[in-house]
Amino acid sequence: MDVAATQRASSVHLGSAAAASPAPVPSNRGLLPAPKPEGMTPVAMDDMSGLFQMMADQRDVGASNEKVQINGDKQKRDMEMRKMFEAKRKEAAARSGRGLMGSLGKLVGDVAKNLVTLKPGRVFTGTAQNFKDMGASPKFWSDLTAGAALVAKVASAVIAAATVITGPGAAGGVAFAAAIISLVCMAEGELKILERCGVKGAAANGIRLGASAVTIAMGNGQALSNAASTASKGAQVGAKGAEAAAKTVSTAQKAIKITTETAKVLEPTAKSVQAGSDMAGAVHTRNIENHRADGEEHGFAKDAANRDLELHVQSSIEGMESLEKLLGLVQQTMAARSQTTLSLTAAIGGRA
Amino acid sequence: MMTIEQQKSGTEALYAVGHYLLERGKYRDAAAILRTMVQVAPGDERGWLALGVCHEQVDQPEVAIEMYGTGSALCAPSARCDLARARLLRECGEDDLSAEAYEAAAQAAADDDELLDVIERERVQ
């Protein structure tokens with residue numbers, strides 16, 4: 001039997017006692033839809049591919065210098081073109097600001113900075129007044145400030161109430177926390193964070209997060225009641241009885257406020273979307289100018305357009321590195337915290 | 001104030017870049033882009049799907065389940081997120097929960113015959 005036939009046979013579910021191992025699970029990569037070209041100019045779509053290929057090439061090989069043929073008339077013409085494109089480049093740089101990742105890096109960096117300096121009530125700037133009445137459980141709050149990732153764990157049991165209070169903003173709060181989890185776990189290369197949540201077989205925790213969030217109730221008082229009931233039930237299963245149950249309800253109520261404030265922090269992320277659009281626009285401009293340069297054979301025009309793009313690329317790389325570094329501090333601080341709050345959040349999730 | 005069109009364009013740019021990086025095996029870079037996307041467009045299932053795939057590719061299935069689960073909740077109904085989650089749960093040996101996820105995916109895919117067919121074939125395996 002040839003190799004192909006062997007492979008086909010092994011993937012067929014025979015449905016008998018002598019069946020081979022279960023059919024392999026298809027890859028989830030196949031579920032990803034293709035990017036929509038109508039959302040961007042087709043030229044910009046092509047150049048996004050070229051953009052990152054260029055990043056990889058420059059990192060691996062180093063930029064190469066083009067030699068420019070110089071002769072009398074051409075030199076004069078090139079100088080004029082260079083001046084024009086330099087002016088355009090400066091204009092584009094002034095318009096684009098921080099760039100995509102730079103904007104996001106600043107946003108998350110501001111939050112992370114407050115987190116790692118452990119200033120209770122000041123994690124979300126401008127809202128100190130709202131947290132003055134959180135003194136009832138300062139240890140819980142100081143633990144919670146150690147990692148924004150915990151917001152997702154706690155919020156999963158109370159998201160119904162948070163939705164009622166904050167509307168669509170609660171989705172942003174959960175998304176923010178999930179993004180923190182993703183970044184920390186990706187950077188760490190291990191599942192230390194989920195393991196520290198006390199989950200044996202972290203898949204269970206993921207299940208609870210998704211399952212709990214699905215119980216979003218659109219009613220008003222019923223939502224808060226459901227959330228408290230969920231938290232209480234989870235505590236009774238996994239924690240220390242009535243005392244723990246009372247604590248988790250209190251925790252849930254605090255989490256509502258935390259989720260609300262998290263949502264407010266996310267508003268500035270809209271600026272990063274603008275920066276992303278600017279990047280796409282700069283790529284598009286580069287491509288147009290390169291085409292013109294090809295037609296007119298002006299080396300300086302190409303160079304100026306590429307420098308424009310490189311500014312955006314470098315800004316993005318620096319922003320990404322800054323973001324990773326800052327949020328690494330969040331992870332380190334989380335690792336130094338006690339397990340008390342983590343155990344509570346695991347209980348809230350209803351994990352046995 | 002950003003216009004709706006500007007936000008849509010930015011979101012598409014983020015997904016296009018993230019998708020490109022993912023397809024070329026740059027999972028960590030893709031994840032950085034996609035984390036931005038899920039925050040600016042938490043209701044767009046593609047960001048959660050792609051972010052989960054990134055974590056799968058770096059051998060972090062539990063985190064991937066977390067991403068699929070969050071996407072399923074925020075983008076409900078999301079047949080793709082439910083299906084992705086169901087697959088991973090089955091791989092992790094959580095058959096009961098996988099069955100629940102397949103059921104949720106089937107319900108969410110009621111209007112998508114092709115996807116529903118895939119779900120129905122997988123859930124009986």
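This structure is a prediction, so every number in the text was calculated from the model and none was measured. Quick note: numbers below take in every heavy atom, side chains included, and nothing from hydrogens, waters or symmetry partners. The sequence lines fix the lettering, A, B, ..., with proteins before strands; numbering per chain opens at 1.
- Across all non-hydrogen atoms, the minimal contact from B/Arg80 to A/Leu31 is NE-O, 3.0 Å.
- Not counting sequence neighbours, B/Asp112 has no partner by the salt bridge (Lys or Arg N to Asp or Glu O under 4.0 Å) test.
- Panel note: side chain B/Tyr15, backbone A/Pro33; a donor-acceptor pair is recorded below 3.5 Å.
- Counting heavy atoms from C-beta outward, A/Arg29 and B/Leu22 have side chains that approach closer than 4.5 Å.
- Of the atoms belonging to B/Glu23, heavy atoms from both backbone and side chain fall under 4.5 Å from chain A.
- A heavy-atom distance below 4.5 Å is found between the side chains of A/Asn28 and B/Arg87.
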